[in-house]
Peer 1: 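The structure is given below, and queries will be raised subsequently.
Here the structure is a predicted model, which means the values were calculated and not measured. Each chain gets a letter, A, B and so on, in the order its sequence line appears, and its residues count up from 1.
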Amino acid sequence: MSDPTPAAPVRVRFAPSPTGYLHIGGVRTALFNWLFARRHGGRFVLRVDDTDAQRNVAEALAPILDGFRWLGLDWDEGPDVGGEYGPYYQSERLPRYQAAVERLLAGGFAYRDYARPEEIQAERGVAEAAKEPYVASRRWAAETEADRARFEAEGRGFVVRLKMPREGQCRLDDLVRGEVVTDWAAEADHVVQRADGSCLYHLASVVDDIEMRISHVIRAEEHLSNTPRQVFIWRALGAEPPVLAHLPVVAEPGSRVKLSKRKLDKYLKNPEFAGLFERGRRIAERLGHHVAADTFNPVIVDFYRESGFLPDAILNYLLLLGWSLDDKTEILAADERIAVFTLDRVNRAPASFDPAKLLSFQERYMQALPAEERTALALPFLERAGWIASPPSDAERATVRAVVEAAAERLKVAGDILDYEELFVADEALACDEKAFDKRLRHAAGAPALLAALRAALAAAPGFAAPELEALCGDFVAARGLGLGAIVHAVRVAVSGKAVGFGLFDLLSILGRERVLARIDRALARLDQTRPAS
RNA sequence: GCCCCCAUCGUCUAGCCAGGUCCAGGACACUGCCCUUUCAAGGCAGCGACACGGGUUCGAAUCCCGUUGGGGGUACCA
């Protein structure tokens with residue numbers, strides 16, 4: 001299966017609004033556009049939708065562009081790179097929109113509407129009371145200079161409305177939806193220019209798409225219902241609409257409602273979503289980051305970057321949200337994605353965002369990386385946490401490398417390295433899980449004596465490499481007719497302050513004899529304080 | 001209200017266009033067992049879906065109609 005070969009050069013676009021954050025659903029849409037452009041040797045255009053931006057655009061756009069760069073979704077035209085169809089900021093294109101409105105007016109495709117808002121309201125009210133669809137009366141439509149003069153004499157202002165057809169049908173061919181037919185009569189006379197002279201999204205979008213020679217409009221399904229009015233504008237402006245493809249929306253976990261960054265509290269009730277969030281929060285807090293729902297939230301791409309996710313894992317997961325190659329392919333390398341992506345494999349139903357599956361992709365991608373690369377990814381987290389020097393010394397690098405290898409698949413995201421604080425903290429600053437300490441040492445009969453004996457054995461150990469320690473401990477328990485379990489837990493708590501972690505012998509080996517002995521001594525001393533020597 | 005879109009395991013999906021090989025396949029999650037020094041990971045097994053009702057047909061997850069449910073739109077938002 002494949003899409004029809006595009007006749008004209010492929011030019012697609014993604015038009016982010018400078019909101020200060022990159023939404024994961026937006027990334028999915030952008031990814032499909034990007035993939036389509038790359039597959040067909042086309043251009044991926046980034047156009048900034050800042051027509052009504054009150055805030056500092058540069059500031060609000062930066063996180064979005066950074067997000068795209070981090071993900072590797074490079075754009076061929078747009079902010080920072082320019083292009084021959086600029087400007088790429090809609091705020092700089094206002095005169096073009098005005099010109100388009102003039103053309104619509106001149107061609108009889110739009111009219112100046114001098115109705116007052118309350119008059120429109122009244123007409124609507126009548127229609128609703130009669131349970132009939134509202135149809136604009138066009139009573140205040142000025143189509144001649146005389147009309148205008150008359151209305152203006154009454155002190156009226158105007159907006160420009162589309163003069164929509166009242167019969168016939170709008171047929172559009174959507175690459176994903178197939179043929180979609182609507183009655184023109186169901187369309188309202190939409191406003192394209194406000195009373196203050198500024199233009200609306202639908203008009204601006206179409207004008208830009210025409211002028212930027214956009215060949216395919218690939219966007220979320222929420223725009224499907226709005227497409228007929230855009231088709232009207234396209235044709236009124238003398239252009240044929242581009243090829244359309246409406247993607248299913250990315251929905252909330254376990255639901256079909258569009259994913260929104262504002263409903264974090266609700267999503268946190270989903271255990272898997274909460275787990276994902278919790279993991280990120282733990283990492284962010286250790287880095288001393290302020291965790292605000294506005295900026296730190298799994299609906300926003302920055303969350304993943306700050307937690308140490310891999311862009312490739314996210315992209316691969318997102319690709320499969322609403323698209324599939326076949327009945328089994330899951331992992332697709334970056335170049336494969338480009339090679340096999342076609343719009344005819346896009347699904348029509350909304351796809352709900354599954355945090356657990358995303359994590360699973362992350363695990364797979366992480367594990368596929370050589371230890372060297374995982375180490376390189378982990379290092380910056382430790383530096384930012386202040387647990388190692390920046391830049392790290394060779395000794396620190398070696399330690400981190402050893403920790404990464406010992407942690408193995410426990411390191412799901414790079415930020416998980418921060419779970420191993422005990423390997424980087426000074427002996428006297430080591431935190432202790434008191435429950436574990438009680439269970440394994442304070443209230444475990446015989447454990448302190450065994451620990452003390454093992455300490456002596458460790459002090460005398462010929463070597464401190466993990467296999468040597470394992471042999472030593474094995475002999476130690478065997479000589480006493482015990483299993484490894486008899487000492488492992490006590491040693492772990494004494495040395496790491498924790499009940500869980502990676503292999504004990506790796507832990508001891510990385511810590512080194514000196515610190516291991518010192519920590520055991522400290523634990524033993526604590527026991528003496530709380531319990532008279534027996 | 002009106003218009004448009006959608007409907008296979010809890011979730012992502014394959015199959016649907018070209019009806020039989022589907023008492024529906026894979027993945028994630030979940031459950032159990034194995035492995036095991038903890039936690040992970042891994043291995044094995046299990047649970048689990050064609051929304052409903054009519055048609056068409058020898059035969060329907062696949063085609064048609066309807067119902068129900070869900071989503072989106074209907075702004076001088078994008």
Side-chain angles (χ1 to χ4, degrees), chain A residues 1 15-17 19 49 51-52 113 117 120 127-128 131-134 157-161 170 174 176-178 180-183 185-188 190-202 204-205 220-229 246 248-249 251 253-258 270-272 317 320-331 344-345 347-361 363 367 407-412 416 419 436 440 470 473-474 477 483-493 496 498-505 507:
Chain A
M1 289 265 228
S17 193
T19 52
D49 185 353
T51 46
D52 71 341
D113 183 12
I120 299 282
E128 258 166 54
K131 297 202 168 174
E132 274 168 21
Y134 168 69
F158 70 90
V159 297
V160 177
R161 284 182 189 277
C170 173
D174 188 287
V176 175
R177 312 274 144 190
V180 178
V181 182
T182 34
D183 288 333
E187 287 291 315
H190 302 283
V191 174
V192 290
Q193 186 184 87
R194 299 185 183 92
D196 67 5
S198 63
C199 293
L200 277 93
Y201 165 80
H202 294 288
S205 175
E221 202 219 86
E222 57 199 282
H223 291 282
L224 183 59
S225 296
N226 293 327
T227 304
R229 80 178 79 160
H246 286 91
V249 296
S255 145
R256 316 250 98 147
V257 183
K258 201 173 97 178
N270 172 306
E272 287 166 354
Y317 170 71
L320 262 26
L321 248 198
W323 181 90
S324 66
L325 177 63
D326 52 33
D327 59 342
K328 39 184 67 79
T329 308
E330 295 241 300
I331 298 289
D344 64 356
R345 297 286 315 171
N347 208 68
R348 277 179 291 270
S352 77
F353 178 76
D354 183 350
K357 191 147 190 172
L358 169 57
L359 226 206
S360 144
F361 273 93
E363 286 178 49
Q367 283 168 45
E409 56 293 299
R410 272 162 276 242
L411 204 70
K412 297 182 192 324
D416 284 343
D419 281 340
R440 300 301 188 182
E470 182 161 14
C473 290
V477 293
L484 265 181
I487 56 161
V488 161
H489 305 292
V491 178
R492 182 186 296 284
V493 177
S496 73
K498 292 180 178 172
V500 299
F502 50 70
L504 180 70
F505 307 113
L507 174 65

Peer 1: Distance check, C1' atoms only: B:G15 and B:C22, in whole angstrom units.
Peer 2: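 One C1' to the other, the span is 8 Å.
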Peer 1: To check you understand the geometry: which heavy-atom pair defines the closest contact between A:Asn226 and A:His202, and what is its length?
Peer 2: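 Result for this residue pair: CB-CE1, 3.4 Å.
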Peer 1: Considering every strand shown, what is the Watson-Crick or G-U wobble mate of B:C30 when both distances are under 3.5 Å?
Peer 2: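 Partner of B:C30: B:G46.
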Peer 1: If you measure from the C1' atom in B:A61 to the same atom in B:A51, how many Å do you get, rounded?
Peer 2: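 Result for the C1' pair: 12 Å, nearest Å.
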Peer 1: What is the per-nucleotide protein-contact pattern of nucleotides 67-73 of chain B, from the 5' end, where B denotes a base atom under 4.0 Å from a protein heavy atom, S denotes such proximity for sugar-phosphate atoms only, and - denotes neither?
Peer 2: ---SBBS
Peer 1: Counting any heavy atom closer than 4.0 Å, what does A:His190 reach on the DNA or RNA strands: base, sugar-phosphate only, or nothing?
Peer 2: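 No contact at all - A:His190 keeps every heavy atom at 4.0 Å or more from the nucleic acid.
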Peer 1: Could you state the CG-P distance from A:Leu321 to B:C12, rounded to the nearest angstrom?
Peer 2: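 Computing the A:Leu321:CG to B:C12:P distance gives 8 Å.
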Peer 1: According to the Watson-Crick and G-U wobble definitions, with both distances under 3.5 Å, which nucleotide is paired to B:C2?
Peer 2: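 Looking at the geometry, B:C2 pairs with B:G73.
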Peer 1: Contact class for A:Asp196 (heavy atom, under 4.0 Å): base, sugar-phosphate, or nothing?
Peer 2: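 Counting heavy atoms under 4.0 Å across all strands, no contact is made by A:Asp196.
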Peer 1: Return a single string for nucleotides 31-44 of chain B, one symbol per nucleotide in 5' to 3' order, where B is base contact, S is sugar-phosphate-only contact and - is none, cutoff 4.0 angstrom on heavy atoms.
Peer 2: ------BBBBS---
Peer 1: For B:C50 versus B:G69, give the span between their C1' atoms, rounded off to a whole number of Å.
Peer 2: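 The same atom, C1', in both gives a distance of 16 Å.
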Peer 1: How many whole angstroms separate atom CG of A:Asp326 from atom P of B:G15?
Peer 2: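 Distance, rounded to whole Å: 9 Å.
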Peer 1: Got a donor-acceptor contact below 3.5 angstrom from the A:Tyr317 side chain to the A:Asp354 backbone?
Peer 2: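 Side chain of A:Tyr317 to backbone of A:Asp354: a pair is present.
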Peer 1: Between A:Asp183 (side chain only) and A:Ala185 (backbone N and O only), is there a donor and an acceptor less than 3.5 Å apart?
Peer 2: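 It does not hold such a pair.
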Peer 1: Touch check for A:Val192, heavy atoms < 4.0 angstrom, all strands: base, sugar-phosphate only, or nothing?
Peer 2: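 If one applies the 4.0 Å heavy-atom cut-off, A:Val192 turns out to touch nothing in the nucleic acid.
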Peer 1: Testing the basics here: between A:Val477 and A:Gly483, what is the closest heavy-atom pair and its distance to 0.1 Å?
Peer 2: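 Scanning both residues, the minimum pair turns out to be CG1-O, 3.5 Å.
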Peer 1: Rounding to a whole Å, what distance do you find between A:Asp354:CG and B:C9:P?
Peer 2: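 The answer, rounded to whole Å, is 14 Å.
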Peer 1: If we call it a pair only when both distances are under 3.5 Å in a Watson-Crick or G-U wobble match, what pairs with B:A41?
Peer 2: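 Partner of B:A41: none found under 3.5 Å.
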Peer 1: Answer yes or no: does a side-chain N or O of A:Thr182 lie under 4.0 Å from OP1 or OP2 of B:C3?
Peer 2: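 No, because none of the side-chain N or O atoms of A:Thr182 sits under 4.0 Å from OP1 or OP2 of B:C3.
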Peer 1: What pair of heavy atoms forms the shortest contact from A:Phe502 to A:Arg492, and how long is it?
Peer 2: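 Heavy atoms only, the tightest pair is O-NH1, 2.9 Å.
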Peer 1: For B:C58, which nucleotide in any strand shown is its Watson-Crick or wobble partner with both distances under 3.5 Å?
Peer 2: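 The answer is B:G20, by the H-bond criterion.
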Peer 1: Starting at OG of A:Ser225, measure out to NE2 of A:His246 and round the result to the nearest 0.5 Å.
Peer 2: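 Going from OG on A:Ser225 over to NE2 on A:His246, the span is 9.0 Å.
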Peer 1: Separation of A:Glu272 atom CD from B:C12 atom C1', in whole Å?
Peer 2: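 Spelled out: CD on A:Glu272 to C1' on B:C12 is 12 Å.
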Peer 1: On a whole-Å scale, what distance lies between the P atoms belonging to B:A75 and B:C3?
Peer 2: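 Approximately 15 Å lies between the P atom of B:A75 and that of B:C3.
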Peer 1: When the C1' atoms of B:A29 and B:U13 are compared, how many Å lie between them, rounded to an integer?
Peer 2: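 Taking atom C1' in both B:U13 and B:A29, they lie 14 Å apart.
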Peer 1: Using the salt bridge (Lys or Arg N to Asp or Glu O under 4.0 Å) rule, take A:Lys258 and A:Glu221 through it: C-alpha gap first, then chi angles, then the decisive distance, then the call.
Peer 2: CA-CA 10 Å; A:Lys258 201 173 97 178; A:Glu221 202 219 86; over 6 Å; no
Peer 1: What is the distance from CD of A:Glu187 to C1' of B:U74, rounded to the nearest Å?
Peer 2: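 Whole-Å distance recorded here is 9 Å.
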Peer 1: Looking only at heavy atoms, which two atoms of A:Arg256 and A:Pro350 are closest? And how far apart?
Peer 2: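 So the two residues come closest at NH2-O, 3.7 Å.
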Peer 1: Which one is paired to B:A7, where only Watson-Crick or G-U wobble pairs with both distances under 3.5 angstrom count?
Peer 2: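 Partner of B:A7: B:U68.
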Peer 1: Rounded to the nearest angstrom, tell me the gap between atom CH2 in A:Trp323 and atom P in B:A14.
Peer 2: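 The answer, rounded to whole Å, is 10 Å.
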Peer 1: What pair of heavy atoms forms the shortest contact from A:Leu320 to A:Thr329, and how long is it?
Peer 2: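 In terms of heavy atoms, the two residues are closest at CD2-O, 4.4 Å.
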Peer 1: Quick one: is B:C76 close enough that its OP1 or OP2 comes under 4.0 Å of any side-chain N or O from A:Ser198?
Peer 2: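 No.
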Peer 1: Using the C1' atom in both, what is the distance from B:U62 to B:U8, to the nearest Å?
Peer 2: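 These two C1' atoms come out 11 Å apart once rounded.
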Peer 1: Taking the C1' atom of each, how far is B:G19 from B:A60, in whole Å?
Peer 2: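 It comes out at 6 Å once rounded to the nearest Å.
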Peer 1: Judged by atom type as modelled, is there a donor-acceptor pair below 3.5 Å linking the side chain of A:Arg229 to the main-chain atoms of A:Glu187?
Peer 2: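 Pair absent, no side-chain N/O of A:Arg229 close to backbone of A:Glu187.
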Peer 1: Heavy-atom nearest nucleotide on RNA chain B for A:Arg194 versus A:Ala356: which residue maps closer to 5'?
Peer 2: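 It is A:Ala356 whose nearest nucleotide is closer to the 5' end.
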Peer 1: Could you give the CG-to-P distance, from A:Asn347 to B:U11, as a whole number of Å?
Peer 2: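 In whole Å, B:U11 P and A:Asn347 CG are 13 Å from each other.
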Peer 1: Rounded to whole angstroms, how far apart are NZ on A:Lys357 and P on B:U13?
Peer 2: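 My rounded result for the distance is 9 Å.
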Peer 1: How is A:Ile487 classified with respect to the nucleic acid when contacts are heavy atoms under 4.0 Å: base, sugar-phosphate, or nothing?
Peer 2: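 No contact.
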Peer 1: Touch check for A:Val159, heavy atoms < 4.0 angstrom, all strands: base, sugar-phosphate only, or nothing?
Peer 2: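 Base contact - A:Val159 has a heavy atom under 4.0 Å of at least one base atom.
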Peer 1: Distance check: side-chain N/O of A:Asn270 vs OP1/OP2 of B:G10, anything under 4.0 Å?
Peer 2: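 Answer is no, no contact under 4.0 Å.
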Peer 1: How close do A:Ala499 and A:Ala436 get, counting heavy atoms only, and between which atoms?
Peer 2: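 Smallest interatomic distance, heavy atoms only, reads CB-CB, 3.7 Å.
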Peer 1: Quote, to the nearest angstrom, the P distance that separates B:G25 from B:C16.
Peer 2: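 Straight-line distance between the two P atoms is 16 Å.
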Peer 1: Among the candidates B:U11, B:A7, B:C3, find the nucleotide nearest to the side-chain atoms of A:Ser352.
Peer 2: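 Looking only at side-chain atoms, A:Ser352 lies closest to B:U11.
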Peer 1: Once you apply a heavy-atom cut-off of 4.0 Å, does A:Ala195 come out as touching a base, just sugar-phosphate, or nothing?
Peer 2: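 Since a base atom lies under 4.0 Å of A:Ala195, the category is base.
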Peer 1: Using heavy-atom distances to pick each residue's nearest nucleotide on RNA chain B, tell me which of A:Val176 and A:Ser17 is more 5'.
Peer 2: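 With A:Ser17 and A:Val176 compared, the 5'-side residue is A:Val176.
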Peer 1: So, A:Thr227 side chain and A:Leu224 main chain: donor-acceptor pair closer than 3.5 Å or not?
Peer 2: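 Yes.
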